[in-house]
Amino acid sequence: MSATEARQHDVNGPQHTELKRVIGPRLLLLFIVGDILGTGVYALTGSVAGEVGGAAWAPFLAAFAVATITAFSYLELVTKYPQAAGAALYTHKAFGIHFVTFLVAFAVMSSGITSASTASNAFAGFVNAGFSLDLPAGGIGIMLLALGFMALVAAVNFRGVGESVKANVVLTLVELSGLLLIIFIGMYAVTQGNADFSRVMVFESPSDKSTFLAITAATSLAFFAMVGFEDSVNMAEECQDPIRDFPKMMLTGLGITGVIYLLVSITAVALVPVGDLTNADLGPALNQVVAAGAPDLPFDKIFPFIGMFAVANSALINMLMASRLLYGMANQDVLPRSLGKVHATRRTPWVAIIFTTLLSFGLIIYVVRASASEDGLAQITLLGGTTALLLLCVFTVVNIALLVLRKQPVEHDHFRAPTILPVIGALTCAFLAGPWARADNEQYRIAGLMMAVGLVLWVLTWLTNRGVRAKKTGFRDIEHMEDDAR
């Protein structure tokens with residue numbers, strides 16, 4: 001085999017099938033906004049207020065600042081290397097250590113699949129509530145709904161990225177409408193004299209923590225609502241012009257969501273006392289906000305359907321991200337090359353889609369069964385906190401990787417972040433990943449167990465790809481021989 005033939009060898013056959021570039025700037029913006037909004041603000045407003053009292057906007061603002069700083073690092077890297085796989089790809093290029101790259105890829109993939117699986121369970125719950133099906137929590141009915149929904153997500157994902165992003169547009173607009181409704185109700189309540197904005201400046205911590213540590217813990221919690229921007233870089237190979245579009249669209253998307261989160265948190269505290277927002281017996285925090293500002297609006301009937309769209313969007317985007325991550329890493333030979341296969345007609349990474357969907361099925365069964373008990377629900381919440389912990393660690397590595405990759409210039413022009421930002425980003429993300437920012441240190445044990453699973457998979461992957469590495473070495477030897485002959 002000649003060196004030329006060796007370079008043409010590809011898992012998809014002699015004629016490489018690339019992913020389909022259909023995401024323009026507007027679709028990219030809606031993808032980013034939809035991914036960040038997700039279900040975080042719907043679920044976390046009351047919890048954040050419980051940590052810091054009326055100043056619930058402060059942790060959201062701090063989380064927005066940290067996310068934006070890290071986003072600058074992602075922008076430089078995605079415009080410098082506009083390929084799928086995101087954080088794992090940047091780690092691979094910066095350090096070239098297969099084990100570290102695999103762990104980063106595994107952490108990001110785990111966060112996506114865990115989030116999507118939990119969202120599938122929530123979707124089934126919203127369907128159950130919205131249509132008054134009266135299915136028992138943790139029962140076979142909820143499980144079938146959740147599994148069926150995930151199968152539908154996989155079908156949309158396989159159908160093509162064009163169909164997926166169109167579905168994302170609809171879902172994003174619906175979940176955005178729910179949050180805008182909250183804000184408009186707050187504005188209306190102000191005109192009626194029903195809002196008390198003096199509460200938004202009151203800091204109250206129910207624990208013995210200092211103000212700084214309480215805000216730190218609340219920021220770590222609120223940060224979960226700001227993640228999502230990083231998922232979009234895994235779609236770089238399906239964007240029409242990633243180098244041109246990413247900087248403007250990502251920063252615009254972060255700005256839009258940051259403003260919405262601040263307005264929602266301020267509105268919530270101004271209309272409802274913090275003690276009520278944190279009282280689960282009184283219903284979801286945002287339901288209480290609507291009831292206080294517009295008591296004649298049957299939001300408790302509307303909310304399940306808005307929540308249905310919100311979690312559906314989270315599941316779709318996370319499964320898109322996870323499959324593209326596996327595809328990109330397979331092309332870098334960090335994962336088995338079979339995961340990089342692209343369907344000849346749909347031009348989607350079909351093997352990666354099947355693999356991530358099967359993993360999600362297993363997690364859905366676990367999550368649905370666990371939701372039948374209080375202990376199980378606590379484990380699900382803990383799993384979500386662990387996901388945020390892993391992502392903060394990944395963001396730390398990405399910021400450091402950017403500083404390393406500054407020594408490796410590329411030929412094309414790309415976005416460049418101010419040097420101080422990745423330094424601040426690495427320090428703040430590492431700080432928020434520390435035990436002082438965690439409400440439950442059990443998250444470290446679960447993270448350790450997840451990484452132990454990753455270690456086993458790394459060994460299997462390394463053994464699987466030995467043949468590929470041997471062929472590459474042989475190809476390089478042939479190239480050297482040909483150069484010597486010339």
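Here, residue 1 is the first one in the sequence, and each next residue gets the next number.
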Once rounded to the nearest 0.5 Å, what's the spacing between atom [atom1] of [X] and atom [atom2] of [Y]?
X    : Y    : atom1 : atom2 : value
F361 : T356 : CZ    : OG1   : 10.0 Å
M308 : E175 : CE    : CD    : 13.5 Å
L427 : T396 : CG    : OG1   : 9.0 Å
L432 : L391 : CG    : CG    : 12.5 Å
R369 : I365 : CZ    : CD1   : 6.5 Å
F31  : D231 : CZ    : CG    : 6.0 Å

Just do the side chain to side chain contact (heavy atoms under 4.5 Å, CB included) check on F106 and V453 with the steps written out, would you? CA-CA 9 Å; F106 183 77; V453 173; 4.0 Å; yes

Residue pairs passing the side chain to side chain donor-acceptor pair (under 3.5 Å) test with at least one member in residues 122-140, sequence neighbours excluded, are none

Where [X] and [Y] come nearest, the two heavy atoms and their spacing:
X    : Y    : value
P247 : I243 : CD-O, 3.5 Å
S117 : M150 : N-CE, 4.4 Å
A67  : M226 : CB-CB, 4.1 Å
F149 : A315 : CE2-CB, 3.7 Å
I32  : G253 : CG2-CA, 4.3 Å
S323 : I353 : CB-CG1, 3.8 Å

Beyond-backbone contact of [X] with [Y], side-chain heavy atoms, under 4.5 angstrom:
X    : Y    : result
F131 : F305 : yes
I364 : S120 : yes
L403 : N399 : no
L145 : F123 : no
Y74  : F229 : yes
M329 : T101 : yes
I36  : V227 : no
D35  : S232 : no

Between [X] and [Y], is there a donor-acceptor pair closer than 3.5 Å when you use the side chain of the first and the backbone of the second?
X    : Y    : answer
S111 : V108 : yes
W436 : A217 : no
S265 : L262 : yes
S360 : T357 : yes
S220 : T216 : no
S115 : G112 : no
E230 : G228 : yes

Taking atom CZ of R21 as the centre, does the number of heavy atoms from other residues, nucleotides or ligands within less than 6.0 Å exceed 12? yes

Counting only heavy atoms not in K93, do more than 12 sit closer than 6.0 Å to its NZ atom? yes

Any chance you could lay out the side chain to side chain contact (heavy atoms under 4.5 Å, CB included) test for L277 and V289, step after step, and finish with the verdict? CA-CA 8 Å; L277 284 176; V289 173; 4.3 Å; yes

Decide side chain to side chain contact (heavy atoms under 4.5 Å, CB included) for L455 and F99; before the verdict, give the C-alpha distance in whole Å, the side-chain angles of both, and the deciding distance to 0.1 Å. CA-CA 8 Å; L455 177 61; F99 178 64; 3.4 Å; yes

When the aromatic ring centroids of F395 and Y90 are compared, is their separation below 6.0 Å? no

Evaluate the criterion side chain to side chain contact (heavy atoms under 4.5 Å, CB included) for residue pair L28 and M235; output intermediate values, then yes/no. CA-CA 9 Å; L28 180 60; M235 312 299 292; 5.9 Å; no

Scan residues 75-84 for pairs that pass salt bridge (Lys or Arg N to Asp or Glu O under 4.0 Å), counting only residues two or more places apart or in two chains. E76-R406

Pair listing, salt bridge (Lys or Arg N to Asp or Glu O under 4.0 Å) test, anchored in residues 149-160, at least two apart: R159-E163

Look at the rings of W462 and W458 and say which category their plane angle falls in: under 30° parallel, 30 to 60° tilted, over 60° perpendicular. tilted

Checking V156, T348, V22 against S164 for side chain to side chain contact (heavy atoms under 4.5 Å, CB included), the one that qualifies is V156

For E237 and R324, run salt bridge (Lys or Arg N to Asp or Glu O under 4.0 Å): C-alpha distance rounded to whole Å, both residues' side-chain angles, the deciding distance at 0.1 Å, then the answer. CA-CA 9 Å; E237 291 186 35; R324 271 58 179 183; over 6 Å; no

